[in-house]
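Here's the structure we're looking at; comments come further down.
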2 protein chains.
Amino acid sequence: MTVDPQVNSMHARLKEARKMAGLSQGQVAKLLGLHRPSVSEIEAGNRRVSADELSQLCDIYDISPDWVLGKSPETISPDDPKLELAARELAKLKPDDLSRLLKVIAAMRSSNDTGGEKI
Amino acid sequence: MTVDPQVNSMHARLKEARKMAGLSQGQVAKLLGLHRPSVSEIEAGNRRVSADELSQLCDIYDISPDWVLGKSPETISPDDPKLELAARELAKLKPDDLSRLLKVIAAMRSSNDTGGEKI
DNA sequence: CTTACTAGGTAAGATTATATTACCACTTGT
DNA sequence: ACAAGTGGTAATATAATCTTACCTAGTAAG
């Protein structure tokens, strides 16, 4: 998802997630029962987000609260013992997600991957 | 972490987590920069919790936002065959691919997707 | 070029929630 | 009994959000 290390604030992540979900502020506002300016101010960092709103936004955008609040590992040092970390992360996944992930892995291995493209 | 099926609301989980951490409302209030009645009302479900406050509470109680918001995924049993398969596949990845994958995992965690879409 | 439509940012007054102080009851220890 | 600690709740002053409105930029047609 975010692959951009400069997206480090919650409101920026929420904005990014909305765009990734292909939704407008107005659509999100309607889903949340808010007015559009409220969504605008939230994404500008000028308005707080309640825990309930955060929960709904995570459902809408299909992201996790951990990630929105910056509790998920965002950057991994290239020379870490990454396999063990990956194993720990895998254990946290739901079975369906793990199945999806296996497909991602397969796709990665079979691609020639000239680098640079986002997931 | 979990466990009491009757603890199904966020404020109840926050109260439970505070007690598990062995803290009083007054101590938490001081750590959060709030007054004690605010903590009391939060745990009674009469006051909203902002995302920032939620984040701080998770740090203080050593819990995850996913759990507080009821999005904690079922974990896969450590001896799940799919987990071993995934680990073997991960070992075949190039380092850069693995780094990218870890980010995907972080974003994917606990997202509720019954939609069965392809990746 | 003009019109219309969509998306998004922002201002101002009305409305609502929170902050702050205070007082209450209960418990524990002196 | 007393004091200290914990937690629930009320009243009002304060701060936040809501709601409406107006503005700009971009885009697609006429």
Side-chain angles (χ1 to χ4, degrees), chain A residues 1-63 65 67-70 118, chain B residues 1-63 65 67-71 107 117:
Chain A
M1 191 101 188
T2 227
V3 173
D4 189 344
Q6 291 175 312
V7 178
N8 48 3
S9 55
M10 183 191 65
H11 65 267
R13 280 188 288 266
L14 286 176
K15 183 166 190 168
E16 183 193 21
R18 176 179 57 79
K19 297 196 168 186
M20 294 238 175
L23 296 171
S24 69
Q25 290 182 347
Q27 289 173 310
V28 172
K30 192 161 193 174
L31 288 169
L32 280 188
L34 299 176
H35 288 74
R36 190 190 52 75
S38 298
V39 176
S40 178
E41 299 288 13
I42 285 171
E43 293 185 353
N46 297 328
R47 258 172 186 74
R48 304 202 291 173
V49 185
S50 76
D52 283 339
E53 291 163 347
L54 174 63
S55 181
Q56 292 181 74
L57 286 172
C58 286
D59 290 341
I60 293 169
Y61 300 154
D62 195 26
I63 55 180
W67 177 77
V68 176
L69 296 179
K118 292 176 182 175
Chain B
M1 173 78 102
T2 179
V3 195
D4 192 341
Q6 289 176 308
V7 179
N8 48 6
S9 55
M10 183 191 65
H11 64 267
R13 279 189 289 266
L14 286 177
K15 183 167 189 168
E16 182 194 29
R18 177 179 58 78
K19 297 195 169 187
M20 293 258 185
L23 296 171
S24 69
Q25 291 182 347
Q27 288 174 310
V28 172
K30 192 161 191 175
L31 287 169
L32 280 190
L34 299 176
H35 288 75
R36 190 191 52 74
S38 298
V39 177
S40 178
E41 300 286 17
I42 284 171
E43 292 185 356
N46 298 326
R47 267 175 178 67
R48 305 202 297 176
V49 185
S50 75
D52 283 339
E53 290 163 347
L54 174 62
S55 182
Q56 292 181 74
L57 286 172
C58 286
D59 290 340
I60 293 170
Y61 299 154
D62 195 26
I63 55 180
W67 178 77
V68 176
L69 296 180
K71 306 228 187 291
E117 81 286 15

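Reminder, nothing fancy here: chain letters follow the sequence lines and each chain counts from 1.
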Separation of atom CD in B/Gln27 from atom P in D/dG5, rounded to whole Å: 11 Å
Whole-Å gap separating C1' (C/dA7) and CG (A/Leu23): 13 Å
Inter-end axis angle, the helix from C/dC1-D/dG30 to C/dT30-D/dA1, with every axis fitted to five base pairs (rounded, 10 degrees): 30°
Which donor-acceptor pairs under 3.5 Å do the side chains of residues 29-38 of chain A make with protein atoms, sequence neighbours left out?
none

Beyond-backbone contact of B/Gln27 with B/Arg18, side-chain heavy atoms, under 4.5 angstrom: no
Closest heavy-atom pair and its distance - A/Leu69, A/Met10: CD2-SD, 3.7 Å
Those residues of residues 35-42 of chain A lying under 4.0 Å from DNA chain C by at least one heavy atom: A/Arg36, A/Pro37, A/Ser40
OP1 or OP2 of D/dG8 under 4.0 Å from side-chain N/O of B/Gln25: yes
Nucleotide D/dT17, atom P - distance to CG of A/Asn46 in whole Å: 9 Å
Rounded distance (Å) that lies between atom P of D/dT6 and atom CD of B/Glu43: 13 Å
A/Glu53 CD - D/dA16 C1' separation (whole Å): 12 Å
Heavy-atom pair of closest approach, residues A/Pro65 and A/Cys58: N-SG, 3.4 Å
Candidates D/dT17, D/dG8, C/dA19 - which lies nearest the side chain of B/Arg47: C/dA19
Side-chain heavy atoms of A/Leu57 within contact of A/Val68, under 4.5 Å: no
Closest nucleotide among D/dG7, D/dC18, C/dG9 to the A/Lys15 side chain: C/dG9
Separation of C/dT6 C1' from A/Lys30 NZ (nearest whole Å): 15 Å
Side-chain touch A/Met20/A/Asp62, heavy atoms, less than 4.5 angstrom: no
Gap separating the NZ atom of B/Lys15 from the OH atom of B/Tyr61, nearest 0.5 angstrom: 11.0 Å
Distance (rounded to the nearest 0.5 Å) between B/Arg13 CZ and B/Asn8 CG: 7.0 Å
CZ on B/Arg47 to NE2 on B/His11, rounded to 0.5 Å: 13.5 Å
